[in-house]
Amino acid sequence: MDTPITQHTDDFATCGQITAADIALFAEQGFRTLINNRPDGEGGAAQPLSEELARAAAEAGIAFVHLPVVPGQITAEQASAMRDILAEAEKPVLAFCRSGARSTNLWQLAGGR
């Protein structure tokens, strides 16, 4: 994993772009849910597709949610959706995007502290 994980609370962390190969490590670290906040194709061909990441998460026994958000354009609806996802998600949760900043902002707008 090239991007460090930022632990915001006991139940929520963020990081930059992950690969399918990273997911088994996240399972070993105890994460139970992954949230992808990056639209497919945003990073070109080098970015893994959500479908590929979802398959790897299922194989590792981790829930996977895709809530794509365009950088700098988080809507109230997306913040509300994130709040709902976090309320229902098995914890701890790891959310990711290109750098982790968008996921952090979305979490804060969803009421994270």
Side-chain angles (χ1 to χ4, degrees):
M1 165 102 206
D2 293 335
T3 306
I5 293 173
T6 301
Q7 195 73 44
H8 299 278
T9 69
D10 289 343
D11 289 333
F12 185 79
T14 57
C15 68
Q17 182 64 55
I18 68 170
T19 67
D22 296 326
I23 293 175
L25 175 62
F26 298 142
E28 289 174 15
Q29 292 174 335
F31 288 104
R32 303 302 309 139
T33 302
L34 296 174
I35 302 173
N36 180 2
N37 295 130
R38 196 170 189 200
D40 278 341
E42 177 185 83
Q47 178 187 342
L49 294 175
S50 291
E51 182 178 306
E52 173 190 352
L53 298 173
R55 275 194 306 272
E59 290 172 9
I62 300 176
F64 184 89
V65 179
H66 188 208
L67 177 59
V69 176
V70 174
Q73 298 180 27
I74 298 173
T75 67
E77 292 79 13
Q78 290 165 327
S80 179
M82 184 71 157
R83 185 178 317 108
D84 293 345
I85 291 165
L86 292 171
E88 298 294 322
E90 189 173 351
K91 294 171 181 64
V93 173
L94 177 63
F96 66 93
C97 56
R98 186 189 65 75
S99 69
R102 185 178 344 169
S103 294
T104 300
N105 291 337
L106 184 59
W107 170 72
Q108 290 171 334
L109 290 168
R113 309 247 185 286

Quiz item: Any donor-acceptor pair under 3.5 Å linking the side chain of Glu42 with the backbone of Pro39?
Solution: no
Quiz item: Given Leu34 and Ile18, is the side chain to side chain contact (heavy atoms under 4.5 Å, CB included) satisfied, shown in steps?
Solution: CA-CA 10 Å; Leu34 296 174; Ile18 68 170; 4.2 Å; yes
Quiz item: Shared ILVMFWY cluster between Ile74 and Val65, side chains joined below 4.5 angstrom?
Solution: yes
Exercise. Indicate yes or no: at least one non-hydrogen side-chain atom of Asn36 is less than 4.5 angstrom from one of Leu53.
Key: yes
Self-check item: Non-hydrogen atoms of Cys15 and Pro4 that approach each other most closely
Solution: CB-O, 3.6 Å
Self-check item: Hphob cluster co-occupancy, Leu67 + Val93, side-chain heavy atoms under 4.5 angstrom
Solution: yes
Quiz item: Looking only at heavy atoms, which two atoms of Ala95 and Asn37 are closest? And how far apart?
Solution: CB-OD1, 3.8 Å
Quiz item: For Arg32, does its backbone N or O pair with a side-chain atom of Glu90 as donor and acceptor, under 3.5 Å?
Solution: no
Self-check item: 4.5 Å side-chain heavy-atom contact, Gln29 and Leu94
Solution: no
Self-check item: Leu86 side, atom CG; Thr9 side, atom OG1 - distance, nearest 0.5 Å
Solution: 9.0 Å
Quiz prompt | Shortest non-hydrogen contact between Ala60 and Ala27, atoms and distance | solution = O-CB, 3.9 Å
Self-check item: Minimum-distance pair of heavy atoms, taken over all atoms of Ala57 and Ile23
Solution: CA-CG2, 3.7 Å
Quiz item: Does any N or O in the side chain of Arg38 come within less than 3.5 Å of the main-chain N or O of Gln17, such that one atom is a donor and the other an acceptor?
Solution: no
Quiz prompt | Gap separating the CD1 atom of Ile5 from the CG atom of Leu25, nearest 0.5 angstrom | solution = 7.0 Å
Quiz prompt | Atom of Cys97, atom of Ala101 and distance for their closest heavy-atom approach | solution = SG-N, 3.8 Å
Quiz item: How long is the span from the CD1 atom in Ile62 to the CZ atom in Phe26, to the nearest 0.5 Å?
Solution: 8.0 Å
Quiz item: If only atom types and distance count, is the side chain of Arg83 paired as donor or acceptor with the main-chain N or O of Gly112 below 3.5 Å?
Solution: no
Exercise. Would you check, one step at a time, whether the test side chain to side chain contact (heavy atoms under 4.5 Å, CB included) holds for Ile35 with Ser103?
Key: CA-CA 9 Å; Ile35 302 173; Ser103 294; over 6 Å; no
Quiz item: Where do Pro92 and Asp10 come nearest, in terms of heavy atoms and distance?
Solution: CB-O, 3.9 Å
Self-check item: Given Glu51, Glu59, Glu52, the one that forms side-chain hydrogen bond (donor to acceptor under 3.5 Å, both in side chains) with Arg55
Solution: Glu51
Quiz prompt | Contact check, side chains of Gln78 and Leu106, non-hydrogen atoms, under 4.5 Å | solution = yes
Quiz item: Can you pull the ring-ring contact (aromatic ring centres under 6.0 Å, His included) pairs that have at least one residue in residues 88-113, sequence neighbours excluded?
Solution: His8-Trp107, Phe12-Trp107
